[in-house]
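One structure is given here, and the rest of the page talks about it.
Every value quoted in this text rests on a predicted model; they were computed, and no experiment measured them. Note: hydrogens, waters and symmetry copies are ignored here, and every other heavy atom, side chains too, is used. Throughout, protein chains are lettered first and strands after them, A, B, ... in sequence-line order, and every chain is numbered starting at 1.
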2 protein chains.
Amino acid sequence: MKLRARDDITDAEAEAISDAIGEIVEYASDVTFIAPKQELTHSTLLLEGLMCRYKDLSDGQRQITEIHVPGDFADLHSFTLKHLDHSMMTLTPCTIAKVPHTELTRITEAYPHLARVLWFSTNLDACIHREWEVSLGRRSALERTAHLFCELQQRLAIVEMASESDYAFPLTQTELAECLGLTSVHVNRVLKELRERGLVEFRGGRVTIHDLRELRRVAEFDPAYLYLEKRAR
Amino acid sequence: MKLRARDDITDAEAEAISDAIGEIVEYASDVTFIAPKQELTHSTLLLEGLMCRYKDLSDGQRQITEIHVPGDFADLHSFTLKHLDHSMMTLTPCTIAKVPHTELTRITEAYPHLARVLWFSTNLDACIHREWEVSLGRRSALERTAHLFCELQQRLAIVEMASESDYAFPLTQTELAECLGLTSVHVNRVLKELRERGLVEFRGGRVTIHDLRELRRVAEFDPAYLYLEKRAR
DNA sequence: CGGCAAATTGAACAGAGTCAAAACCAGTGG
DNA sequence: CCACTGGTTTTGACTCTGTTCAATTTGCCG
């Protein structure tokens, strides 16, 4: 369904994906289920919950490099990389479908257009990475935090898990800080300011947006990098 | 040659790539040759020179999100994205080969293994983006600058354009700042410190490394994210 | 020699980090 | 039903890394 939002997928292609799905697995919250260098034989299709990619530093610091929402083929890039240079962790309890790499080889060879759609979806991850680089490199803590809330609102809205004014986002402020390249103390102060300015509230694992237009203006959020429009075959 | 460093490419596959190459073009330095939203019909194989991807902010600030070295299929991701969300600019005079997307469709359908190798190369860009996120989010200005010098040393060494102790890197300090999410003034001070510590010197468009081991230690540089080892077919 | 972009330096300032304490809150067991 | 626990959030005071602004120097090129 999510792929169809951006590309025309034939019934045969959709069925090929369904057939490729192996085991369905549940993970608890806060579980690192892929470590760097671990050899991988399947990719993870996220059905329910939130997860993230992150890298550790030797002093215990951590940088989350992307958040995944339901519908994301979370580690499809492991199909070509064979092992990852980073870790993957659940942020909430998750339900995932495992898709063996051998099946991916089979269906991408049988359906070249589907191969390009999947390839596109890993390129979309790179688009998100680039936008985060801009946030981390150039936006202030406030703008950056606002931007993250805008991104998640948009991405969750696609899968009907966010309205214009609110969505579930059960991270701790420490995890938020690990996304934003800030300390949890500073994140707390920024959240206070966003709240006092009447833009967003982050509380009890929910984001409540009071003024989406203004929030986007503050964040300088332009959803172009999420490639929402439908693309030609 | 560069693809062969990481994957076994058959002669037929190599020939298919050669055949796919269209026009060879020269660009001057500091030319933005791809703007966001521009519809693209070919991808750019960088033969000579350095180029980068960057995003602009409304206040004139700019974040460079990746640097490309000779041998990189610099905007292969435009094959699946159709248009980019960012710009591409030359940092030096460049020679490039244009590869029409129609040709890419043809050769990836004819050679599925080659398709995966090309797919891999766009995933490698994402790996580099993630490492930059870590730098921008968690490393100090000094570590971050050291890390960039390590990355370029490694990537240029693959194409025999860098030794262990020096390589050409003709950027201005302002451009360096745009990579590092810093101001040019601060970059200047960081370069001074790196020089005084006897680690690296950046001068006259060259990087001279006096102590690579120590530089890597300071930067906490682990080349794993560049996937240098050869991978199974 | 002149012109100009790039590099360098200094001084003052601000955004974000550090450290430490306090308040809050959900879940647990008595 | 309530006290206890541990993790999370909140706040204050202080520090420091990196920015800003402005001036000066350097180096290249015609």
Side-chain angles (χ1 to χ4, degrees), chain A residues 28-31 57 59-64 89 91-93 135-148 168-197 200-208 218-219, chain B residues 28-30 57 59-64 91-93 134-149 168-197 200-208 218-219:
Chain A
S29 188
D30 295 306
V31 174
L57 278 92
D59 61 355
Q61 289 195 93
R62 157 183 303 185
Q63 177 67 44
I64 295 177
M89 178 180 86
L91 292 167
T92 68
S135 274
L136 292 164
R138 291 287 173 220
R139 289 194 248 260
S140 70
L142 189 95
E143 294 164 349
R144 206 185 295 175
T145 308
H147 198 279
L148 181 64
F169 193 47
L171 305 210
T172 64
Q173 293 184 8
T174 302
E175 288 164 332
L176 218 46
E178 286 167 348
C179 294
L180 297 167
L182 299 169
T183 58
S184 61
V185 173
H186 199 61
V187 164
N188 184 277
R189 296 191 171 121
V190 166
L191 290 175
K192 184 181 179 182
E193 167 141 19
L194 286 169
R195 198 185 320 130
E196 286 173 353
R197 283 211 210 171
V200 234
E201 216 156 324
F202 177 76
R203 190 173 285 285
R206 287 199 83 76
V207 173
T208 309
V218 167
Chain B
S29 188
D30 295 306
L57 277 93
D59 61 354
Q61 288 196 94
R62 155 183 305 185
Q63 178 67 44
I64 294 177
L91 292 167
T92 68
V134 174
S135 274
L136 292 164
R138 291 288 174 220
R139 289 194 248 261
S140 70
L142 189 94
E143 294 163 350
R144 204 185 298 177
T145 308
H147 199 280
L148 181 64
F149 288 147
F169 193 47
L171 306 210
T172 64
Q173 293 185 7
T174 302
E175 287 164 333
L176 218 45
E178 285 166 349
C179 295
L180 297 167
L182 298 169
T183 57
S184 61
V185 172
H186 198 60
V187 164
N188 184 278
R189 295 193 231 268
V190 167
L191 291 174
K192 184 181 180 183
E193 167 139 23
L194 286 170
R195 197 188 317 130
E196 286 172 352
R197 284 211 209 171
V200 233
E201 216 156 323
F202 177 77
R203 191 175 285 285
R206 288 198 82 75
V207 173
T208 309
V218 167

Notebook entry, point to check: Of all heavy-atom pairs between B/H147 and B/R139, which one has the smallest distance, and what is that distance?
Noted result: NE2-NH2, 3.3 Å
Notebook entry, point to check: Starting at the 5' end of DNA chain C and moving along, which residue's nearest nucleotide shows up first, A/V185 or A/R144?
Noted result: A/R144
Check: Expressed in angstrom and rounded to an integer, what is the separation of B/H186 atom NE2 from C/dA11 atom P?
Finding: 18 Å
Next item on the list: Identify whether any heavy atom of B/V190 sits under 4.0 Å from a base atom; if not, whether one sits that close to sugar-phosphate; answer base, sugar-phosphate or nothing.
Entry: nothing
Next item on the list: Just say parallel, tilted or perpendicular for the rings of B/F149 and B/F202, cut-offs at 30° and 60°.
Entry: parallel
Next item on the list: Among B/I64, B/L136, B/T145, find the residue that satisfies the side chain to side chain contact (heavy atoms under 4.5 Å, CB included) test when tested with B/L180.
Entry: B/T145
Next item on the list: Under 4.0 Å between any heavy atoms, over every strand shown, what does A/L191 touch: base, sugar-phosphate, or nothing? Just pick one.
Entry: nothing
Notebook entry, point to check: Per the side chain to side chain contact (heavy atoms under 4.5 Å, CB included) rule, which among B/H186, B/E193, B/K192 passes with B/V190?
Noted result: B/H186
Check: Are B/K192 and C/dT9 close enough that a side-chain N or O sits under 4.0 Å from OP1 or OP2?
Finding: yes
Checklist line | Distance, rounded to the nearest Å, where B/L176 contributes CG and C/dT8 contributes P | finding: 12 Å
Check: Separation of B/R139 atom CZ from D/dT17 atom P, in whole Å?
Finding: 18 Å
Checklist line | Minimum heavy-atom distance B/L182-B/A141, with the two atoms named | finding: CD1-CB, 3.8 Å
Item checked: Closest to side chain of B/A141, choosing from D/dG18, D/dA13, C/dA11 -> D/dG18
Margin query: Strictly below 4.0 Å: does B/N188 bring a side-chain N or O up to OP1 or OP2 of C/dA7?
Written below: no
Check: Expressed in angstrom and rounded to an integer, what is the separation of B/D59 atom CG from D/dT19 atom C1'?
Finding: 14 Å
Notebook entry, point to check: Contact class for A/S140 (heavy atom, under 4.0 Å): base, sugar-phosphate, or nothing?
Noted result: sugar-phosphate
Check: Touch check for A/G181, heavy atoms < 4.0 angstrom, all strands: base, sugar-phosphate only, or nothing?
Finding: sugar-phosphate
Notebook entry, point to check: For the helix from C/dC1-D/dG30 to C/dG30-D/dC1, what angle lies between the axis at the first five pairs and the axis at the last five pairs, to 10 degrees?
Noted result: 30°
Notebook entry, point to check: Hey, is the side chain of A/R189 pairing donor to acceptor with the base of D/dG12 inside 3.5 Å?
Noted result: yes
Checklist line | Spacing between A/Q61 atom CD and C/dA16 atom C1', to the nearest angstrom | finding: 13 Å
Notebook entry, point to check: Within less than 4.0 Å of OP1 or OP2 of C/dC25, is there a side-chain N or O belonging to A/R203?
Noted result: no
Checklist line | Along DNA chain D (nearest heavy atom to each residue), the more 5'-positioned of A/F202 and B/L142 | finding: A/F202
Check: Does B/T92 reach the main-chain N or O of B/S29 with its side chain, forming a donor-acceptor pair under 3.5 Å?
Finding: no
Next item on the list: Grab the CG-P distance between B/L180 and D/dT17 for me, whole Å please.
Entry: 18 Å
Notebook entry, point to check: Can you check the A/L182 CG to C/dG17 C1' distance for me, whole Å?
Noted result: 10 Å
Note to self: Reading DNA chain D from 5' onward, which residue's closest nucleotide shows up sooner: A/R195 or A/R138?
What the structure shows: A/R195
Note to self: For the backbone of B/C179 and the side chain of B/Q63, can you confirm whether one donor and one acceptor N or O come within less than 3.5 Å of each other?
What the structure shows: yes
Next item on the list: Mind calculating the distance between CD (B/E175) and C1' (C/dA5) to the nearest angstrom?
Entry: 12 Å
Next item on the list: Specify the closest pair of heavy atoms between B/A177 and B/S184, including all atoms of both residues, with the distance to one decimal.
Entry: CB-N, 3.6 Å
